[in-house]
Student: 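Shown below is the structure under consideration.
Just so you know, residue 1 is the first one in the sequence shown, and it goes up from there.
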Amino acid sequence: MKATHHFLPAESFAEIAKLVQEKYLPSKEFLVYVDDSDTPLAFMGTNEGEIESLFVDPTCFGGGIGRTFIDHMKSLHDVVTLEVNEQNPQAVGFYEVCGFKVVRRDATDDHGRPFPILHMRWAR
């Protein structure tokens, strides 16, 4: 996460980790991409047609794993939505290449922190 969320202050990582463990993980569906030795390289958390998280090991960037997850969601849904930190231009660019368009911008994240969120949408 630190590789793509470098803009977050160090204290935010512990806060986010607690939220993920206590609230997020128990309530989402996850797909995990593993290598031949069963080592996880990426995961995607979803809820219906929404991508709620997509993380790929930075050593695997550009290898097609993220695109595989996106294509899977597109095969299941006519509309796919997601939120991404505006301060993560690599992710924003990736989603744009995958056909997502920004439909709304929030100046802060869900907790009122000054990290702008882009709401993106893809439709068949």
Student: So, for S75 and H72, which heavy atoms are closest and what is the spacing to 0.1 Å?
Tutor: OG-O, 2.6 Å

Student: Can you measure from CD (E86) to CG (D109) and round to the nearest 0.5 angstrom?
Tutor: 12.5 Å

Student: Are V102 and I70 grouped together when hydrophobic residues (ILVMFWY) are joined by side-chain heavy atoms under 4.5 angstrom apart?
Tutor: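 V102 and I70: one cluster.
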
Student: Going hydrophobic residue to hydrophobic residue with side-chain gaps under 4.5 angstrom, can you get from V79 over to L82?
Tutor: no

Student: Any sub-3.5 Å donor-acceptor pair from T68's side-chain atoms to G64's backbone N or O?
Tutor: yes

Student: OG1/T46 to NE2/H77 distance, rounded to the nearest 0.5 angstrom?
Tutor: 6.5 Å

Student: Quick one, M73 and W122 - any side-chain contact, counting heavy atoms below 4.5 Å?
Tutor: no

Student: Has D106 got a side-chain atom pairing as donor or acceptor with T108's backbone, closer than 3.5 angstrom?
Tutor: no

Student: Determine the minimum heavy-atom distance between P114 and Q87, stating which atoms define it.
Tutor: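 Shortest heavy-atom separation between P114 and Q87 comes out as O-OE1, 4.1 Å.
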
Student: Is any side-chain heavy atom of N85 closer than 4.5 Å to a side-chain heavy atom of I117?
Tutor: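 N85 vs I117: side chains touch.
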
Student: Could you measure the distance from the NZ atom of K101 to the CG atom of L118? Nearest 0.5 Å is fine.
Tutor: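 It is 13.5 Å, given to the nearest 0.5 Å.
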
Student: Compare every heavy atom of V84 with every heavy atom of A91, then report the nearest pair and how far apart it is.
Tutor: CB-CG2, 3.7 Å

Student: Do you reckon F61 sits in the same ILVMFWY cluster as L31, going by side-chain contacts under 4.5 Å, direct or chained?
Tutor: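 The answer is yes; both residues are in one hydrophobic cluster.
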
Student: Nearest heavy-atom pair of R121 and T81: which atoms, and what distance?
Tutor: CG-CG2, 4.1 Å

Student: Taking all heavy atoms of E52 and all of N47, pick out the closest pair and write down the distance.
Tutor: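 Looking at all heavy atoms of both residues, the shortest contact is OE2-CB, 3.2 Å.
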
Student: Under a 4.5 Å side-chain heavy-atom rule over Ile, Leu, Val, Met, Phe, Trp and Tyr, are V34 and F30 clustered together?
Tutor: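 Hydrophobic grouping puts V34 with F30.
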
Student: When the ring planes of F100 and Y95 are compared, do they come out parallel, tilted or perpendicular, using 30° and 60° as the limits?
Tutor: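 Taking Y95 first and then F100, their aromatic rings stand perpendicular (interplane angle over 60°).
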
Student: Give the minimum heavy-atom separation between R67 and F94, together with the two atoms involved.
Tutor: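 Nearest pair, atom of R67 first, then F94: N-CZ, 3.7 Å.
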
Student: Looking at K74 and C98, would you say the former's side chain and the latter's main chain have a donor-acceptor pair under 3.5 Å?
Tutor: yes

Student: From R104 CZ over to E83 CD, what is the distance, rounded to the nearest 0.5 angstrom?
Tutor: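 Those atoms lie 7.0 Å apart.
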
